Amino acid sequence: MLKFDWNILWTFINLIIFFVLMKVFLFKPIKKTLDKRKELIDKQFKDADDAQKQADELKAQYQSELEDVEQEKKQILVDARADAKKEYNKIIDRAQGDADRIKSDAKAAAEFETLKARRAVKEELAALAMETAEKVIGESASPELDSDLYDKFLNESSDES
């Protein structure tokens, strides 16, 4: 015998209620929105057609004036090209000068950094030499002697460079 399940009945009722709610609260507002958009698009097409007609009328009017302006346009273009070429050359010259200045500044900075690095290495070597000498001697002789040896080492290494 066939058994009736109440869950199927409630599911079916829920689906019907859901469909009715979707139709009322979703489909109708969407349809209204789509209809409004369609009207707006139709209006825009009509406006575009009107604008096209006006543009065609203006085109015919300006076509007659264009013939006189053509010669003037050619002269303006020749002048503009000449001015643009002059400005281009000025910009290129200025950029070349800036590039040369930047190169010389960078070279000077690199030389300064090289000297600074050499000086730091020499100081480090002097400190290591002092530490080595102290280990060999056993202890530091005196701060004055250390300072004199350190300065002498730096002076000799500076003279060699």
Side-chain angles (χ1 to χ4, degrees), residues 18 21-22 25-161:
F18 183 69
L21 288 174
M22 291 287 283
F25 292 112
L26 184 65
F27 296 142
K28 285 185 180 180
I30 289 175
K31 183 165 176 24
K32 286 180 185 177
T33 304
L34 290 175
D35 289 340
K36 286 180 184 176
R37 283 193 176 173
K38 185 177 185 274
E39 290 173 11
L40 178 66
I41 291 169
D42 289 341
K43 183 180 180 290
Q44 287 176 345
F45 277 129
K46 183 183 175 289
D47 291 345
D49 287 340
D50 292 342
Q52 182 65 37
K53 288 177 185 174
Q54 287 178 348
D56 289 341
E57 291 172 3
L58 286 174
K59 181 182 174 187
Q61 178 184 357
Y62 290 129
Q63 191 66 31
S64 63
E65 295 175 13
L66 183 63
E67 294 170 3
D68 295 336
V69 176
E70 189 66 31
Q71 187 61 30
E72 184 179 343
K73 179 186 85 167
K74 287 180 183 178
Q75 185 60 39
I76 290 172
L77 283 174
V78 168
D79 294 342
R81 284 186 181 127
D83 291 343
K85 184 68 173 172
K86 288 177 187 176
E87 189 64 27
Y88 171 79
N89 289 335
K90 285 180 186 177
I91 291 171
I92 292 297
D93 291 342
R94 191 177 315 129
Q96 186 63 39
D98 290 346
D100 291 342
R101 182 181 45 79
I102 289 170
K103 279 182 181 178
S104 65
D105 290 349
K107 186 175 180 180
E111 289 173 1
F112 175 74
E113 289 298 323
T114 301
L115 289 174
K116 192 170 142 183
R118 284 183 181 171
R119 189 174 300 126
V121 167
K122 287 177 186 176
E123 289 176 5
E124 183 68 27
L125 284 174
L128 288 173
M130 291 301 295
E131 287 178 20
T132 304
E134 285 178 11
K135 287 181 183 178
V136 168
I137 293 174
E139 61 182 62
S140 178
S142 70
E144 295 85 22
L145 179 62
D146 288 347
S147 177
D148 290 341
L149 286 174
Y150 183 75
D151 289 340
K152 184 178 178 183
F153 177 78
L154 285 179
N155 287 335
E156 285 177 6
S157 63
S158 295
D159 292 339
E160 291 174 8
S161 307

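Residues: numbered from 1 along the sequence shown. Just so we're clear, the structure is a prediction, and the values are computed from it rather than from any experiment.
- Not counting sequence neighbours, the partners of K31 by the salt bridge (charged side-chain N to carboxylate O under 4.0 Å, His left out) test are D35.
- Judged as a salt bridge (charged side-chain N to carboxylate O under 4.0 Å, His left out), and not counting sequence neighbours, the contacts of K38 are D42.
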For residues 85-101, which side-chain donor-acceptor pairs fall under 3.5 Å, sequence neighbours excluded?
residue : atom : partner : partner atom : Å
N89     : ND2  : K85     : O            : 3.3
Q96     : NE2  : D100    : OD1          : 3.2

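- Under the rule for a side chain to side chain donor-acceptor pair (under 3.5 Å), K36 has no partner lying at least two apart in sequence or in another chain.
- Interatomic distance, Q63 CD to L66 CG, rounded to the nearest 0.5 Å: 5.5 Å.
- Remark: F27 CZ to L34 CG distance equals 12.0 Å, nearest 0.5 Å.
- Residues that satisfy the side chain to side chain contact (heavy atoms under 4.5 Å, CB included) test with L128, not counting sequence neighbours, are E124, E131.
- Applying the side chain to side chain contact (heavy atoms under 4.5 Å, CB included) criterion to L125, with sequence neighbours excluded, gives V121, F153.
- Applying the side chain to side chain donor-acceptor pair (under 3.5 Å) test to D49 and every residue at least two apart in sequence or in another chain returns nothing.
- Residues passing the salt bridge (charged side-chain N to carboxylate O under 4.0 Å, His left out) test with K43, sequence neighbours excluded: D47.
- Using modelled atom types, one finds a donor on one side chain and an acceptor on the other under 3.5 Å when comparing D56 with Q52.
- With sequence neighbours left out, the side chain to side chain donor-acceptor pair (under 3.5 Å) criterion links E111 to no other residue.
- For the side chain to side chain contact (heavy atoms under 4.5 Å, CB included) test, residues two or more places apart in sequence or in another chain that qualify with L40 are Q44.
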Show every donor-acceptor pair shorter than 3.5 Å between a side-chain atom in residues 70-82 and any protein atom, with sequence neighbours excluded, or say none if there are none.
residue : atom : partner : partner atom : Å
E70     : OE2  : K73     : NZ           : 3.1
Q75     : NE2  : D79     : OD1          : 3.2

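- Residues meeting the side chain to side chain contact (heavy atoms under 4.5 Å, CB included) test with E39, sequence neighbours left out: none.
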